[in-house]
Amino acid sequence: MELTREAIELVVRAALAEDVGAGDVTTESVVPPDARCRARLVLEEPGVVCGVPVAAAVFRALDPAVSFEPLLAEGSRVREPPAELARVEGTARAVLTGERVALNLLGRLCGIATLTAAYVDRVGGTGTTLLDTRKTTPGLRALERYAVRCGGGTNHRAGLYDAVLVKENHIRLAGGIGPALAAARNGRPVEVEAETLAEVEEALAAGVDRILLDNMSPAEVGRAVRLAGGRAELEASGGIALDTVRAYAEAGVDYVSVGALTHSARSLHVSLEVE
């Protein structure tokens, strides 16, 4: 579940620049520069812990000497809130100025991890792997993919640069699945999108490595599984919700990819309480 320091700092710098700008005029007016404080980060509702190191980076960007003590491990499940996630001690100006950015990022990542865990629980025992998608918040992909991992999910390709996925518009412009696969393979594994069983047959005939079954019903997915007969890995995707993901997994696919993990997760309620 490792998240690189560089990925965290890139987001933190941009978020603080957006929120603080030339300075926190309220805090600088009200709080003496030498004042210090202690505070607690608290998760106020049930969920999966994710993003505590990101919150730490926010406060340390404002006060490198800040003391930050995590109290719950990343990926921990909180079932009986409120739960204290961490303790912060440092200059009061740094703590108050960083509060909103830290809470925004922490709540967002906890929300993604929590929703992912719910999906993972639904497919438990089926042998199907839950994947995320590229439907992430611009600029936050590394952090949101990390949150998926904290929730027990698995990351799909990180971007356009690290895997070949031939989709509908590629197929149209290339003149069909066969020509698209021939052009894209170049010694690399290739996944192709199929919207019908006829397209599944065409992809199998071309020797594709994985087929993305796009916007098919669980019954159609089951037929595609039988048609493929293990000749290619199969991934169901498109409009899959928490109440339907189990049916897709039980249809026998290797993977289910869900954009909602990142584009529809609700941020959890986290708070900072100065002692």
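Values below: every heavy atom of this structure, side chains too, minus hydrogens, waters and symmetry copies.
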Transitive ILVMFWY side-chain link [X] to [Y], under 4.5 Å:
X    : Y    : value
V270 : L272 : yes
V11  : L16  : yes
L115 : V78  : no
V66  : V54  : no
L131 : I240 : no

Do I171 and V192 pass the side-chain contact (heavy atoms from CB on, under 4.5 Å) test, and can you show the C-alpha distance, the side-chain angles, and the key distance before you say yes or no? CA-CA 9 Å; I171 294 168; V192 66; 3.9 Å; yes
What distance separates [X] [atom1] from [Y] [atom2], expressed to the nearest 0.5 Å?
X    : Y    : atom1 : atom2 : result
K135 : T262 : NZ    : OG1   : 8.5 Å
T196 : L213 : OG1   : CG    : 10.5 Å
E99  : N104 : CD    : CG    : 10.0 Å
L43  : L268 : CG    : CG    : 6.0 Å
E69  : L85  : CD    : CG    : 12.5 Å
I177 : I211 : CD1   : CD1   : 8.0 Å

Is [X] reaching over with its side chain to a backbone N or O of [Y], donor-acceptor style, under 3.5 angstrom?
X    : Y    : value
R145 : H156 : yes
D121 : A118 : no
R231 : A228 : yes
R93  : V31  : yes
D63  : A94  : no
T116 : I112 : yes
R38  : R87  : no
Y248 : A241 : no
R40  : S271 : no
E45  : H269 : yes

For the residue pair [X] and [Y], establish whether any side-chain heavy-atom pair is separated by less than 4.5 Å.
X    : Y    : answer
V164 : N186 : no
R134 : L160 : yes
L130 : L261 : yes
V58  : L105 : yes
L72  : V52  : no
P46  : R79  : no
D214 : E168 : no
L41  : L103 : yes

Work out which heavy atom in [X] is nearest to a heavy atom in [Y]; give both atom names and the distance.
X    : Y    : result
A184 : V166 : CB-CG2, 4.0 Å
V253 : L234 : CB-O, 3.7 Å
F68  : A55  : CE1-C, 4.2 Å
E74  : C150 : CB-SG, 4.2 Å
D254 : E233 : OD2-CA, 3.3 Å
V48  : A113 : CG1-CB, 3.8 Å

Do [Y] and [X] meet the salt-bridge criterion of a basic N to acidic O distance under 4.0 Å?
X    : Y    : value
E144 : R108 : yes
R188 : D209 : no
R100 : D24  : no

If you count every heavy atom of other residues, nucleotides or ligands that lies below 6.0 Å from E18 atom CD, does the total exceed 12? no
